[in-house]
Amino acid sequence: MSQHRTKKGADTKDKAAFFVARTPHPKQAETQAQDGAEADLHADLADAQEAVADTLLTPNLLQKMLDAAVMKMQASFTSALAKINNEITDLDARASQLEEKMKETTTAQAAIEDRLVDIEKRLSLHKTKITDAEDRFRRNNIRLRGVPEDVEAQDLTAFTMELFRAVLPDIPSDMLLLDRIHRIPRPQHLPPTTPRDVLMRLHYYHTKDQILRAHRARKDLPDKFKPILLFTDLSAETLRRRRSFKPVAEALRHHRIPYRWGYPAKLLITKGGKLVTAASPREGLELLHKWDIAPNLQTKGLRKTQGADGRPQRQRRAISKDNDH
């Protein structure tokens, strides 16, 4: 009996569930919504068509519609043009500012360039003064090249005194005063067997000048002194400047034109009984061109010879002289 009632209750629930409305599937719901929207749109279009059909399109109404459309377009164009004008005005102001900045920058750059030129001139002047001061400090020095290494440091004074006596036999003893004498380091590019140079300072400048002049002219020195060369001690800057005159000096030596060095580094050339000054290599080349002399000749008179100390030497000529202060 109880089982029969239970079965009857289950059948009643199944029938009730059959008549309850079911929830539609999501895709079905979306399709139904789209169908409903299309139906509403068609309905609105039909209402609009009926309204237009009911309204008479008279010329006045058409003119009003055109005027309204034109006014709307004009308002839109006016707004757009106003924005463009504002942007153009802003760009013009920015361009004016940039032009002013460019003018200021150009003026400042010109001032800096002028200042730089002035600084370079002053720097060159100071370098010349420093070089001149260093050369004046060295003006009493003599550099001896080729002194054998077996001459010890304590024997350098006696060796140089003997050399100077051979160069100037009649010089008084009180004029041959040495302030100091020593060897200087050997340049790294020379072989280890090359004797180091000897640097000495004479107490009197005119004694040093007499020794250099007499040494250039003497040809009958003792054999042990013949390989020894004597040079004026100059600063590195002066030597660099003199090397820049090398093409001019070689051409002058080749054509046997006398010249001597001046300070700061310049050539004092004697041509036709007149003294001509070349303060720069360019001026020297201009003089050579004026005299129809080629500055780059490979001449026999300029051939290099090997010195006793292993250094390449040029044949000495009496026409090339040092001019000290």
Side-chain angles (χ1 to χ4, degrees), residues 120-145 164 167-168 170-171 175 201-202 204-219 229-305 313-325:
E120 289 178 347
K121 290 181 179 179
R122 292 188 179 186
L123 179 60
S124 177
L125 178 61
H126 290 316
K127 288 177 64 177
T128 301
K129 288 184 177 180
I130 292 173
T131 302
D132 181 68
E134 185 177 355
D135 287 330
R136 288 181 181 276
F137 179 77
R138 297 168 178 253
R139 68 196 304 263
N140 286 20
N141 294 355
I142 295 180
R143 184 187 292 259
L144 290 81
R145 180 166 298 167
F164 294 160
V167 174
L168 288 174
D170 300 331
I171 188 171
M175 300 302 295
R201 179 178 177 84
L202 289 164
Y204 298 109
Y205 166 74
H206 58 273
T207 301
K208 170 244 184 177
D209 187 57
Q210 290 177 5
I211 291 173
L212 290 178
R213 292 178 184 273
H215 184 262
R216 283 193 292 266
R218 291 299 293 257
K219 305 297 182 182
L229 302 176
L230 273 62
F231 301 97
T232 301
D233 186 36
L234 299 172
S235 63
E237 180 63 20
T238 299
L239 291 175
R240 184 190 66 80
R241 291 182 179 181
R242 287 193 177 187
R243 281 194 294 269
S244 65
F245 284 89
K246 183 178 179 180
V248 180
E250 288 183 350
L252 292 175
R253 286 197 296 269
H254 173 61
H255 291 273
R256 298 184 177 276
I257 300 176
Y259 72 91
R260 54 193 174 91
W261 291 104
Y263 289 87
K266 60 183 177 182
L267 286 177
L268 304 177
I269 308 169
T270 303
K271 176 70 173 175
K274 296 181 180 179
L275 184 63
V276 183
T277 301
S280 65
R282 181 177 180 180
E283 292 183 7
L285 294 174
E286 290 176 354
L287 289 174
L288 295 181
H289 180 72
K290 179 180 178 181
W291 297 332
D292 294 329
I293 297 176
N296 56 349
L297 291 177
Q298 300 294 332
T299 61
K300 296 181 180 179
L302 297 178
R303 65 179 181 272
K304 296 181 179 180
T305 59
Q313 304 294 338
R314 293 190 182 277
Q315 292 183 342
R316 293 180 297 177
R317 297 181 181 271
I319 59 175
S320 176
K321 302 178 181 179
D322 287 327
N323 179 38
D324 297 303
H325 297 280

>> Is there a side chain to side chain contact (heavy atoms under 4.5 Å, CB included) between T128 and R241? Walk through the geometry before answering.
In response: CA-CA 11 Å; T128 301; R241 291 182 179 181; 3.5 Å; yes
> If you take all heavy atoms of Y204 and M175, which pair is closest and at what distance?
Replying inline: CD1-O, 3.8 Å
> Within 45° of the six-membered ring axis of Y259 and under 6.0 Å from that ring's centre, is NZ or CZ of R253 located there?
Replying inline: no
> Do you know the tightest heavy-atom contact between P281 and V248?
Replying inline: O-CG2, 4.1 Å
> If every non-hydrogen atom of T131 is compared with every non-hydrogen atom of S235, which pair is closest and at what distance?
Replying inline: CG2-OG, 3.4 Å
>> K208 and side-chain contact (heavy atoms from CB on, under 4.5 Å): which single residue from N141, L230, T232 fits?
In response: T232
>> Run the side chain to side chain contact (heavy atoms under 4.5 Å, CB included) test on E283 and K266 for me, step by step, so that the C-alpha distance in whole Å, both residues' side-chain angles and the decisive distance to 0.1 Å come before the verdict.
In response: CA-CA 10 Å; E283 292 183 7; K266 60 183 177 182; over 6 Å; no
> Quick one: CZ on F245 to CZ on R282, what's the gap to the nearest 0.5 Å?
Replying inline: 13.0 Å
>> Applying side chain to side chain contact (heavy atoms under 4.5 Å, CB included) to E237 and I130, what does each step give before you reach the verdict?
In response: CA-CA 10 Å; E237 180 63 20; I130 292 173; over 6 Å; no
> Is there a donor-acceptor pair under 3.5 Å between the side chain of N140 and the backbone N or O of L202?
Replying inline: yes
> Between atom NZ of K290 and atom CG of L285, what is the distance when rounded to the nearest 0.5 Å?
Replying inline: 14.5 Å
>> Just verifying a value: how many Å separate R260 CZ and L275 CG, rounded to the nearest 0.5 Å?
In response: 6.0 Å
>> Could you report the tightest heavy-atom contact between A251 and A294, atom names first, then the distance?
In response: CB-O, 3.8 Å
> Between R218 (side chain) and V167 (backbone), is there a donor-acceptor pair under 3.5 Å?
Replying inline: yes
>> Applying ring-ring contact (aromatic ring centres under 6.0 Å, His included), can you list everything that pairs with H289, at least two apart in sequence or on another chain?
In response: none
> Measuring from I142:CD1 to L212:CG, what's the distance to the nearest 0.5 Å?
Replying inline: 4.5 Å
> Stepwise, does the salt bridge (charged side-chain N to carboxylate O under 4.0 Å, His left out) test hold for D132 with R136?
Replying inline: CA-CA 6 Å; D132 181 68; R136 288 181 181 276; 2.9 Å; yes
> When rounded to the nearest 0.5 angstrom, what is the spacing between CD1 in I211 and NE2 in H206?
Replying inline: 10.0 Å
>> Evaluate W261 against L267 for side chain to side chain contact (heavy atoms under 4.5 Å, CB included), listing each step before the verdict.
In response: CA-CA 5 Å; W261 291 104; L267 286 177; 3.4 Å; yes
>> Do K271 and L287 make a side-chain contact, defined as non-hydrogen atoms from C-beta onward lying under 4.5 Å apart?
In response: no
